[in-house]
Amino acid sequence: MKRRRNSTTPKVDAQIQQLGGSSFVHLPCEITSFILLSLPIKSVLICRCVCKTWNSLISDPYFAKLHFKRAPFGVMIRTNDPKRVSRTLHLLDYQEPEKFGSCDQQFCFCEDNSLKPDCDSHVKLEPKFKLPLRDAKLVLAERDEAGNGRRKRTYIACKPRDDKFAVVNSCNGLICLCDLRDREPLVVCNPVTGEFIRLPKTTRIEDMRRPIYAGFGFHRKTNEYKVIRMCIKYIDISQDIRQWMFDRVVVEMHTLGTSTWKNIGRVALAFVNELTFPTCANGALHWICSNGQKGSILCFNFESESFRRFPPPPQILDGNGSMSAKNINMGELRGFLYICDVSSFGVVRMWVMKKYGITASWSKVLSIDNMDENRWPYGLYWPVKLFKGAVLLYHSCNCFIYYESKKLKYFKIRGSKSNFEVFPHIPSLISLKDAVKGSNVEVLNVYSRCAKFKLREENEVLFLA
């Protein structure tokens, strides 16, 4: 039986031939490692196909850790259609600002849902990665439709409410996935390697209000990944009139590599019925707490296993000390906690906490008046990359905005009729087997378990134009 050769595109074959010249392949290992470490994740994945030596070098855990330390923040994009199951992640790699800043007077004439092969006025979103499905083992990817014994490959029919995962947040190249309806955390995966592990089942809590608020983070001192779930428990104070009174928040924590959830206890946390943008920074998980009450940032410290609050930048609060979740978001950029908001006067502002936990250290690093000659759309802005003298932001209208020297360029995500979901992510080659402690953890792989399952959206090619 002959071994089938891996099929690659002509463009990839040309890159492999260019990289795989005899003079380059026989370089000393130290020089080869230095060159490979400086490449973006897309090129590294291509280099794995050059020869066995490079594949072995790139697969080494030490190489993966070194590459991750140099890897820049990226953006993962997937289609967000309530009627379809989306499992494909498209990576936007913006190491080179020239991709965005040198597009003056260049317009893409491709159709909204298809690419023209000779057009070079767009940025193609690649590589693509797969997320696991909820219960793919119950779905057949090949069917005998004609009844003649010949099985025909077809698209699988999945239901979003049963088979689709929602994203909690990303941390160190890993993504925590949860149930689409009640937000129960279920899976942690590395989309680059295709590996994922299922989280153990949680205990049922009576009189618990849905959804569950969760977060995924990393404890630097113990080198452990942890998942936090918070359940708001209510008590019924009236049987005739269904009124509910706030009781306490039940907090549980799971350490990846173990088989149980640790009960942190019931914590008296007022006004936590609206927590958004879970973010891991400085050994703690953070959420924006904005439910019409006094706005704050809720923080859970992994070392002390306790909660605390600290205020956001005072400039983003209104006269009542509250903030709206409709025009504010939070994240981690270059190791610092940041908040980005749009003021009532249409000014896009970004604040960075220079000294962690100190309110006075909030510093404004970005202020763009979108009421000038270039009218900006109103909505949520995510600062995804800071260049020297420029910034790249994502807007909730499915577009990226590159701002430099008071000039802006719009890049719309095209290639699908659906809306899109975008979240920050650092691509990582680190295997879950090396990142998670414990010998009883079953690490699964989406490419071995779900290789035959194909969704219609996997044929879509997304691009910026």
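What you see is a predicted model, and the numbers here were worked out from it, not measured in a lab.
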Pairing of K128 and E126 as salt bridge, 4.0 angstrom limit: no

Residue pair N329 / I339, side-chain heavy-atom distance below 4.5 Å: no

Beyond-backbone contact of H286 with L298, side-chain heavy atoms, under 4.5 angstrom: no

W287 and F307 aromatic ring geometry - parallel, tilted or perpendicular at 30°/60° bounds: tilted

Test item: E195 side-chain N/O and N445 main-chain N/O as donor-acceptor pair under 3.5 Å: no

Centroid separation H425 to F129 less than 6.0 Å: no

Mutual orientation of the aromatic rings belonging to F216 and Y225 [parallel < 30°, tilted 30-60°, perpendicular > 60°]: parallel

I175 and L177, any side-chain heavy atoms less than 4.5 Å apart: yes

Audit row: D81, N419, side chain to side chain donor-acceptor pair (under 3.5 Å) steps and yes/no: CA-CA 6 Å; D81 189 337; N419 290 325; over 6 Å; no

Donor-acceptor side-chain pairing of R309 and S296 below 3.5 angstrom: yes

Pair F411 + Y402: ring centers closer than 6.0 Å: no

Pairing of E252 and K262 as salt bridge, 4.0 angstrom limit: no

Short side-chain donor-acceptor distance under 3.5 Å, S86 and T79: yes

